[in-house]
Amino acid sequence: AQSVTQLDSQVPVFEEAPVELRCNYSSSVSVYLFWYVQYPNQGLQLLLKYLSGSTLVKGINGFEAEFNKSQTSFHLRKPSVHISDTAEYFCAVTRMNRDDKIIFGKGTRLHILP
Amino acid sequence: EAGVAQSPRYKIIEKRQSVAFWCNPISGHATLYWYQQILGQGPKLLIQFQNNGVVDDSQLPKDRFSAERLKGVDSTLKIQPAKLEDSAVYLCASSLEETQYFGPGTRLLVL
């Protein structure tokens with residue numbers, strides 16, 4: 001079975017500073033990886049996904065993530081955060097099989113400090 | 001392209017009452033999912049439909065929760081009777097291939 005661990009439940013960071021949100025996964029088979037963002041009182045929005053190919057994936061709003069198979073990680077990064085990035089971020093994994101269920105991490109709350 | 005629609009957005013009920021949520025997926029998406037998201041946690045899959053058939057309902061509390069997708073398009077999730085611990089956001093998602101697209105959710109408060 002697959003599992004996802006988000007190592008930090010909350011990450012405070014100053015506006016315009018860089019940020020990294022950590023995600024590690026566990027799986028005995030090949031996987032697809034996702035990062036979703038959830039703004040207050042809203043549903044989840046896809047930030048980016050890794051399916052295959054280049055290990056550096058670029059997403060919306062200036063975010064990117066790097067797939068590291070040897071370390072089973074998929075950390076999310078942004079070089080300069082904005083106050084509007086305040087949200088909950090979820091890492092997720094699914095087996096490399098269409099329509100298989102997604103397993104979500106517990107989420108990391110990103111606090112942007114002025 | 002219209003996204004996943006859900007209604008109502010908010011619902012407050014008393015314990016032991018019943019409640020129903022509605023979801024209309026993105027047009028053409030064969031797979032539909034219902035998730036429960038308790039405050040401070042990630043979404044937990046309750047049930048997955050492929051067209052109008054159930055693929056996975058292993059985490060659905062079947063003594064009180066039910067869901068249907070009769071025509072393979074929109075879906076309803078029902079709780080009867082509700083318990084205090086059912087207070088959560090209920091998210092609907094749909095997918096065509098590997099990526100799931102989520103609706104805004106229904107926030108349920110059970111008093």
Side-chain angles (χ1 to χ4, degrees), chain A residues 1-10 21 23-25 27 29-53 57 59-60 67 76 87-111, chain B residues 1-11 21 23-26 28-51 53-60 88-109:
Chain A
Q2 294 73 46
S3 67
V4 176
T5 302
Q6 290 185 245
L7 298 162
D8 305 297
S9 59
Q10 298 190 63
L21 305 183
C23 172
N24 286 90
Y25 70 93
S27 177
V29 299
S30 296
V31 296
Y32 296 143
L33 292 154
F34 306 83
W35 275 100
Y36 283 86
V37 60
Q38 187 174 34
Y39 299 105
N41 298 317
Q42 295 187 27
L44 278 70
Q45 180 182 359
L46 181 68
L47 267 182
L48 48 80
K49 60 185 176 184
Y50 172 77
L51 304 181
S52 65
V57 180
I60 62 172
F67 170 57
L76 181 71
E88 188 102 20
Y89 292 79
F90 293 93
C91 183
V93 64
T94 185
R95 288 188 306 177
M96 198 174 282
N97 178 30
R98 278 174 54 168
D99 299 334
D100 205 6
K101 69 179 179 183
I102 284 183
I103 306 298
F104 285 89
K106 292 188 175 181
T108 297
R109 184 167 295 277
L110 181 60
H111 293 281
Chain B
E1 175 182 277
V4 177
Q6 289 188 249
S7 68
R9 289 296 313 276
Y10 306 93
K11 190 74 177 178
F21 313 128
C23 171
N24 191 30
I26 294 172
H29 283 196
T31 310
L32 185 148
Y33 312 79
W34 282 103
Y35 290 87
Q36 181 192 58
Q37 186 179 20
I38 292 173
L39 188 64
Q41 298 183 22
K44 182 186 83 171
L45 180 70
L46 292 174
I47 189 167
Q48 176 183 343
F49 291 96
Q50 179 79 15
N51 296 309
V54 175
V55 174
D56 184 347
D57 64 356
S58 57
Q59 297 195 87
L60 186 74
V89 177
Y90 291 85
L91 296 165
C92 179
S94 69
S95 69
L96 186 59
E97 294 186 345
E98 74 291 322
T99 302
Q100 295 184 22
Y101 297 90
F102 286 79
T106 297
R107 187 173 297 271
L108 174 67
L109 178 61

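Keep in mind it's a predicted model, so treat the numbers as computed, not measured. A note on names: the letters A, B, ... follow the listed sequences, proteins ahead of strands, and every chain is numbered from 1. For the numbers below, each heavy atom of this structure counts, side chains included, while hydrogens, waters and symmetry mates do not.
For the set Leu46(A), Asn41(A), Ile103(A), the count of heavy-atom pairs under 4.5 angstrom toward chain B peaks at Asn41(A). Here Lys49(A) is the residue among Arg109(A), Lys49(A), Gln42(A) with the most heavy-atom pairs under 4.5 Å with chain B. Among the candidates Gly103(B), Pro43(B), Ala93(B), Gly40(B), the residue making the largest number of heavy-atom pairs closer than 4.5 Å to chain A is Pro43(B).
Residues of residues 33-40 of chain A placed with any heavy atom under 4.5 Å of a heavy atom in chain B are listed by number as Phe34(A), Tyr36(A), Gln38(A).
Gln41(B) touches chain A through its backbone: at least one of N, CA, C or O sits under 4.5 Å from a heavy atom, while the side chain does not.
The closest side-chain heavy-atom distance from Gln37(B) to Leu44(A) is below 4.5 Å.
Open room surrounds NZ on Lys11(B); 12 or fewer heavy atoms of other groups in view lie less than 6.0 Å from it. More than 12 heavy atoms of other residues, nucleotides or ligands shown are found within 6.0 angstrom of CD1 on Ile60(A).
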